There are 2 protein chains.
Amino acid sequence: MANESSTDTSTDTATDRRRATIWEVAKAAGVSHQTVSRYLRNDAKMRPETVARVRQAVEELDYRPNLTARSMRTRRSGRVAVLLPAVATYGPPQILSGVMEVAHEHGYTVEAFSVEGTPADRFERVRELADSGQVEGVLALAPLPPGSGGRFPERAAIVVSADYDDKFRGVGELADGSPVEDLVVRLAELGHRRFLHVTGALDYASARGRRDVFVATVERLGLGPAQVIESDWSAEGAHAAVLSLPEKDHPTAVIAASDVGAAGVVLGARERGWTIPGDLSVTGWDNNQLGAYLEPTLTTVNVDHRKLGRAAMARLVATLQPETAAAREAEAASDGPLNTIIWRGSTGPAPS
Amino acid sequence: MANESSTDTSTDTATDRRRATIWEVAKAAGVSHQTVSRYLRNDAKMRPETVARVRQAVEELDYRPNLTARSMRTRRSGRVAVLLPAVATYGPPQILSGVMEVAHEHGYTVEAFSVEGTPADRFERVRELADSGQVEGVLALAPLPPGSGGRFPERAAIVVSADYDDKFRGVGELADGSPVEDLVVRLAELGHRRFLHVTGALDYASARGRRDVFVATVERLGLGPAQVIESDWSAEGAHAAVLSLPEKDHPTAVIAASDVGAAGVVLGARERGWTIPGDLSVTGWDNNQLGAYLEPTLTTVNVDHRKLGRAAMARLVATLQPETAAAREAEAASDGPLNTIIWRGSTGPAPS
DNA sequence: GGCTAGGAGGTGATCGATCACTTCGCAAGG
DNA sequence: CCTTGCGAAGTGATCGATCACCTCCTAGCC
């Protein structure tokens with residue numbers, strides 16, 4: 001509403017007032033340009049008096065190093081590219097916050113790219129970026145085609161393809177499906193014996209991860225062959241899955257791969273006359289804010305997206321600067337839990 | 001799960017295989033470096049034969065222009081900065097998608113920054129960015145302090161502070177509160193006469209915008225002094241607001257500033273024994289996916305975030321390249337609606 | 001034939017920093 | 001007294017493009 005929006009400074013001011021160069025600073029300080037350069041790079045071997053003179057000149061002229069010139073000479077751009085999926089319908093910005101935090105902490109600036117299309121398209125884009133020499137590294141927050149790992153015979157840029165998929169659902173070491181194990185174990189303690197997992201779209205690595213953990217856990221607990229119905233994150237898919245269940249000996253606990261899917265499960269259960277959590281316990285994933293206001297309130301998994309982003313960029317930085325690998329360790333060590341389960345009203349003891 | 005994650009190319013390959021320069025291309029093509037430069041810049045006045053020779057040399061050497069060197073000479077970085085709020089809990093990535101789309105369409109790369117703290121901190125950061133000469137423009141997707149508009153006496157970079165606030169809720173010309181008017185009018189047609197608006201946090205421009213439109217519309221329709229209760233986007237605040245209403249002649253329609261707030265309203269109404277939409281109609285904002293699964297399903301406002309982002313960057317580009325201002329017009333003209341109301345079960349005729 | 005116009009391409013300077021050497025000055029050691 | 005060593009600062013080359021200006025050549029015209 002206020003008119004503070006859309007402000008442009010007069011372009012002429014911009015043009016004629018050029019920033020001072022290292023030479024001008026040198027002249028003002030009565031030293032050589034190289035001495036100024038030393039000052040900028042914090043070279044230890046300078047007389048305090050000289051340092052002071054340069055410092056003053058820098059301040060008077062409001063000098064700032066031209067990073068373009070610097071990076072031309074040093075052949076280091078100090079930039080990393082982050083590839084974001086273009087079509088993310090879900091995908092918290094906190095992940096990007098975490099990414100930027102770590103990048104800036106290590107002196108990198110972040111260039112954002114988005115890319116439409118298939119994983120193959122993305123792969124091509126990443127190659128291009130890595131090959132362009134514009135950036136030192138590429139962090140792909142969208143999945144690349146399976147097996148593209150070894151296929152980066154490119155130049156300067158190093159690629160870390162993080163384990164995220166199109167919807168920013170984390171998988172792999174960063175955010176694996178392990179909470180599924182906790183969910184199943186706890187529900188088993190509550191007496192549940194027949195479990196069902198309604199998956200996300202299985203071309204998503206995270207969906208596969210959750211399914212795999214589910215299957216492994218159910219079998220480990222000796223709860224018979226795991227029941228899995230493939231779906232696609234949507235409520236409709238989960239809804240249909242519930243309707244397809246047999247009336248007799250139907251599952252009493254459903255692990256959905258998303259909150260939206262869980263909502264579909266609840267809807268389907270209602271239509272079949274099953275009460276929740278009386279006849280059926282349901283869990284979701286994502287901690288959607290409205291989950292606490294569903295009827296019943298929804299048990300879900302909360303994901304610390306910022307931490308996810310931090311870990312991803314820490315990995316890239318560690319690859320770029322092996323000597324700073326300590327950073328990555330530190331990052332890994334700073335673990336509070338990445339995922340926490342929030343138990344609410346949609347889960348309860350198994351029906352007797 | 002797959003081991004395609006975290007891949008680093010051998011650094012030595014990166015180091016020794018330097019990209020060919022314009023000079024090497026020139027030598028290979030048997031022309032001068034300047035001719036190669038002409039070829040790159042698509043200079044019209046070249047003999048087709050020469051063009052072919054250069055083209056072949058470029059391909060053979062897999063040459064690509066060093067953009068750092070170019071931008072050093074041309075003094076144009078081709079980069080714009082986008083300032084993202086660090087703490088956004090809500091804030092769809094589609095907005096960033098839209099921003100990047102338009103930037104890339106116009107040949108800019110996008111540098112992402114986030115910033116913690118107060119609007120004043122952000123303002124300082126924007127100044128710094130604009131002043132650094134690193135970027136040609138800054139797009140602030142977080143609000144700056146009121147009145148900071150005229151205070152950018154900086155160099156090259158031009159600043160457009162878009163009308164977004166900490167939670168990416170759009171306001172102003174891009175996404176004003178006008179859907180509020182439609183909501184109120186339609187509900188009035190359904191017989192409602194006593195309206196209540198539960199605001200978002202009023203330091204957010206978008207919250208103020210929605211409130212202002214609400215007040216204006218209610219008064220225009222002659223529905224008496226508008227009833228407004230200040231809240232903060234949260235469910236708790238909205239919940240408390242409902243509990244504070246009088247039993248007699250309470251409002252029959254509540255416009256909440258967010259879906260979460262609407263959920264709080266619904267909860268409060270339940271506790272008071274009011275049915276929805278029988279005794280009370282409720283509307284939200286944001287089109288949270290779970291809104292369709294609340295009891296009752298939630299009427300809400302869907303916002304086209306990608307379009308929002310496109311419009312914002314189009315504005316910046318138009319400022320940077322006034323001659324291309326056509327772009328902005330085109331962007332503005334390509335309007336499907338930015339906001340659409342989704343009517344669902346939480347709204348209905350006024351109680352008789 | 002001579003002169004001009006303009007197409008096509010070449011030459012050298014330049015952008016603003018860092019790097020690799022060189023130089024200067026002073027003190028310690030032989 | 002000369003040499004050596006080293007701290008401190010200076011000189012010139014360099015990164016890879018573009019810009020400004022110059023040269024060459026040929027066609028066209030009087």
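Owing to the predicted nature of the structure, the values given are computational and were not obtained by experimental measurement. Just so it is clear: chains get the letters A, B, ... in the order the sequence lines come, proteins before strands, and each one is counted from 1.
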Could you state the [atom1]-[atom2] distance from [X] to [N], rounded to the nearest angstrom?
X	N	atom1	atom2	answer
A:Ile22	C:dG16	CD1	P	11 Å
A:Arg41	D:dA9	CZ	P	15 Å
B:Arg70	D:dA17	CZ	P	8 Å
B:Leu40	D:dC19	CG	P	12 Å
B:Arg47	C:dG7	CZ	C1'	10 Å
B:Trp23	D:dG16	CH2	C1'	10 Å
A:Lys45	C:dC24	NZ	C1'	16 Å
B:Arg38	D:dC19	CZ	C1'	10 Å

For B:Arg79 and B:Glu136: C-alpha separation, side-chain torsions, deciding distance, then whether salt bridge (charged side-chain N to carboxylate O under 4.0 Å, His left out) applies. CA-CA 6 Å; B:Arg79 289 190 281 159; B:Glu136 296 181 36; over 6 Å; no
Could you check which of D:dA17, C:dA17, C:dG7 has an atom nearest any side-chain atom of B:Pro65? D:dA17
Tell me what B:Tyr39 touches on the nucleic acid: a base, only sugar-phosphate, or nothing, going by heavy atoms under 4.0 Å. nothing
Under 4.0 Å, heavy atoms only, any strand: does A:Thr50 hit a base, just the sugar-phosphate, or nothing? sugar-phosphate
Near-strand residues of residues 72-79 of chain A, defined as heavy-atom separation under 4.0 angstrom from DNA chain D: A:Met72, A:Arg73, A:Arg75
Please list residues of residues 25-36 of chain B whose heavy atoms come under 4.0 Å from any atom in DNA chain D, ordered by number; otherwise none. B:His33, B:Gln34
Donor-acceptor pair, distance only, cut-off 3.5 Å: does the side chain of A:Arg19 make one with the backbone of B:Asp131? yes
Strictly distance-based, threshold 3.5 Å: is any side-chain N or O of A:Glu60 a donor or acceptor partner for the main-chain N or O of A:Ala57? no
Has B:Ser37 got a side-chain N or O lying under 4.0 Å from the OP1 or OP2 atom of D:dA17? no
For residues B:Ser71 and B:Thr74, is any side-chain donor paired with an opposing acceptor at under 3.5 Å? no
Hey, are B:Tyr108 and B:Gln321 close enough side-chain-wise for a donor-acceptor pair under 3.5 Å? yes
Can you sort out the partners of B:Tyr63 under ring pair (Phe, Tyr, Trp, His ring centres under 6.0 Å), two or more places apart, ordered by chain and number? none
Inspect the contact between A:Arg64 and B:Glu128 and indicate whether a charged nitrogen and a carboxylate oxygen are less than 4.0 angstrom apart. no
Salt-bridge present (B:Glu49, B:Arg53; N to O < 4.0 Å): yes
Could you measure the distance from the CD1 atom of A:Ile22 to the NZ atom of A:Lys27? Nearest 0.5 Å is fine. 14.5 Å
